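Since this is a predicted model, take the numbers as computed values, not measurements. FYI, the numbering just counts along the sequence from 1.
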Amino acid sequence: MPMRRHALTYRSFGKPLETLKMEITKAPPRSEGMLRVRMLCAPVNPSDLIPISGAYSHRISLPAVAGYEGVGRVIDAPRQYASLIGKRVLPLRGEGTWQTILDCNAALAVPVPESISDAVAARAYINPLAALTMLETWPVEGKRVLLSGAGSNCADYLGAWAYQHGAKEVVGIYRSESRVARLEQLGIKPVFIQDVSQISYEARESDIVFDALGGPMAAKILQLMAPGTSFIAYGLLTGQAIQLDSKPCAHYKRFHLRDSLARMSAEAWQQQFLTVWELLAPFEMPDYQLFPGQEWRQAVESALRPTSQKALLDLSTLGR
């Protein structure tokens with residue numbers, strides 16, 4: 001019986017729940033030089049949903065399969081990679097991961113250590129690698145760090161690992177009270193997003209800001225920062241650009257993980273993940289809710305609610 005592939009595909013841009021469709025097709029022959037992976041699970045993140053809306057339509061060819069990260073098991077491989085058959089890998093930087101059968105570049109497939117669970121491995125790419133790369137690019141040793149959008153996983157890593165990199169203090173701006181305990185557990189000083197006076201104070205006192213929000217809040221922080229400080233814009237959760245009335249005193253930098261990856265060799269890519277695994281092994285990741293593949297709509301709905309637990313899609317439940 002031919003192998004079937006289930007893939008959450010979008011053929012036009014728009015709201016995810018309106019444009020995503022579960023398409024079931026016969027899996028084509030494995031491409032030469034590629035690994036064939038049967039996906040186990042994949043997270044449902046805002047970063048997965050934003051492209052579906054058309055935000056990056058200039059660099060996305062339709063139709064496209066959704067999903068940027070996840071973990072799967074190798075079921076077929078070229079002879080020189082035959083040792084990977086049966087092993088778990090992260091099949092990244094290729095096809096969308098919200099599908100049951102995926103072919104990926106063997107040199108870029110990241111082997112997963114036995115000690116790392118599927119749930120951790122599935123979420124080990126975008127946020128951990130972005131946080132690590134930013135901390136390596138903009139050192140925080142001895143500095144006061146301010147995080148906006150401190151409800152995100154990436155902010156968790158930035159805050160916790162900033163201390164490992166020698167940060168003096170880390171402050172996080174949060175929106176939901178449900179985040180306070182988590183921030184305090186990680187040693188991040190919580191500041192409520194509506195506490196304008198405290199945010200203004202923290203902006204003036206911070207040496208470096210990692211901003212995930214954009215919009216008016218980011219603009220206010222940037223304009224209050226002192227000369228010689230740094231503002232790193234790595235997200236746009238508000239969907240609004242930063243608009244300034246005057247030139248800021250802080251150094252403004254934008255960070256896009258894909259730009260860093262474009263300059264990274266396959267060897268450097270694999271080496272970065274050796275560091276990521278070491279950092280994630282003792283790290284207590286946030287709780288998640290597991291959705292069977294058939295309930296992908298509920299998983300997307302959950303991901304669209306800011307206060308929900310992180311959603312993980314169990315692709316192994318879909319028929320073969």
Side-chain angles (χ1 to χ4, degrees), residues 6-23 39 41-57 59-60 62-71 96-99 119 122-128 130-131 147-157 172-180 182-183 192-194 211-218 233-241 256-258 285-315 317-318:
H6 293 64
L8 280 166
T9 305
Y10 55 107
R11 296 180 173 274
S12 61
F13 297 111
K15 295 179 180 179
L17 288 171
E18 295 176 1
T19 57
L20 279 175
K21 306 293 180 185
M22 181 68 78
E23 297 188 356
M39 294 300 294
C41 57
V44 182
N45 298 315
S47 59
D48 298 306
L49 301 177
I50 290 172
I52 299 170
S53 71
Y56 309 123
S57 59
R59 57 182 177 86
I60 295 177
L62 298 179
V65 176
Y68 282 127
E69 56 185 342
V71 62
T97 54
W98 293 4
Q99 57 182 317
R123 298 177 284 171
Y125 172 33
I126 298 290
N127 290 319
L147 309 172
S148 76
S152 69
N153 284 166
C154 193
D156 279 359
Y157 301 126
I173 300 172
Y174 69 91
R175 176 171 54 181
S176 170
E177 286 293 331
S178 64
R179 289 291 301 168
V180 173
R182 172 71 173 173
L183 293 174
F192 186 42
I193 196 168
Q194 293 184 15
D211 174 63
L213 295 177
M217 174 65 71
Y234 74 93
L236 207 63
L237 292 177
T238 61
Q240 297 176 279
H256 293 294
L257 182 59
R258 67 178 183 275
M285 296 184 79
D287 290 337
Y288 64 93
Q289 184 174 0
L290 187 65
F291 292 86
Q294 297 87 341
E295 298 179 10
W296 65 268
R297 288 184 176 277
Q298 292 92 319
V300 171
E301 288 172 349
S302 177
L304 291 170
R305 293 193 297 270
T307 58
S308 296
Q309 284 186 328
K310 302 304 178 183
L312 199 62
L313 199 58
D314 183 358
L315 297 165
T317 63
L318 296 171

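- The distance from the CE atom of M22 to the CD atom of Q294 is 7.5 Å, given to the nearest 0.5 Å.
- Going from atom CG of D314 over to atom CG of L290 covers 5.0 Å, rounded to the nearest 0.5 Å.
- Residues meeting the side chain to side chain contact (heavy atoms under 4.5 Å, CB included) test with N45, sequence neighbours left out: P43, S47, D48, E69.
- The side-chain heavy atoms of W296 and V44, taken from C-beta on, include no pair separated by under 4.5 Å.
- A pairwise comparison of heavy atoms in A299 and A311 identifies O-CB, 3.7 Å as the closest pair.
- The two residues V65 and A7 make their nearest non-hydrogen contact at CG2-CB, 4.1 Å.
- Here Q99 contributes atom CD and L8 contributes atom CG; the two are 9.5 Å apart, rounded to the nearest 0.5 Å.
- Y10 meets the ring-ring contact (aromatic ring centres under 6.0 Å, His included) test with no other residue; sequence neighbours excluded.
- Taking both residues in full, the closest heavy atoms of A218 and D211 are given as CB-OD2, 3.3 Å, listed atom of the first, atom of the second, then distance.
- Under the ring-ring contact (aromatic ring centres under 6.0 Å, His included) criterion, F192 pairs with Y174, sequence neighbours left out.
- For the pair L312 and A122, the tightest heavy-atom approach, listed with the atom from each and the gap, is CD1-CB, 4.0 Å.
- Between T19 and F13, the shortest heavy-atom distance links the atoms CG2-C, 3.9 Å.
- Minimum heavy-atom separation, G149 to A155: O-CB, 3.7 Å.
- With sequence neighbours excluded, no residue forms a ring-ring contact (aromatic ring centres under 6.0 Å, His included) with F291.
- Judged as a side chain to side chain contact (heavy atoms under 4.5 Å, CB included), and not counting sequence neighbours, the contacts of N127 are N153, C154, Y157.
- With sequence neighbours excluded, no residue forms a ring-ring contact (aromatic ring centres under 6.0 Å, His included) with Y234.
- With sequence neighbours excluded, the residues that form a side chain to side chain contact (heavy atoms under 4.5 Å, CB included) with P63 are T9, R11.
- Shown here are the side chain to side chain contact (heavy atoms under 4.5 Å, CB included) partners of S178, two or more places apart in sequence or in another chain: S176.
- Partners of D156 according to the side-chain hydrogen bond (donor to acceptor under 3.5 Å, both in side chains) rule, which considers only residues two or more places apart in sequence or in another chain, are R179, R182.
- Applying the salt bridge (charged side-chain N to carboxylate O under 4.0 Å, His left out) definition to pairs two or more places apart or across chains, none involves residues 296-308.
- Applying the salt bridge (Lys or Arg N to Asp or Glu O under 4.0 Å) rule to R175 yields no partners; only residues at least two apart in sequence or on another chain are considered.
- Rounding to the nearest 0.5 Å gives a distance of 10.5 Å between CD of Q298 and CG of L313.
- Qualifying salt bridge (Lys or Arg N to Asp or Glu O under 4.0 Å) partners for R123, counting only residues two or more places apart in sequence or in other chains: none.
- At least one donor-acceptor pair closer than 3.5 Å links the side chain of T317 to the backbone N or O of G293.
- Here the CH2 atom belonging to W98 is positioned 13.0 Å from the CG atom belonging to L318, to the nearest 0.5 angstrom.
- In this structure, CG on L183 lies 11.0 Å from CD1 on I173, to the nearest 0.5 angstrom.
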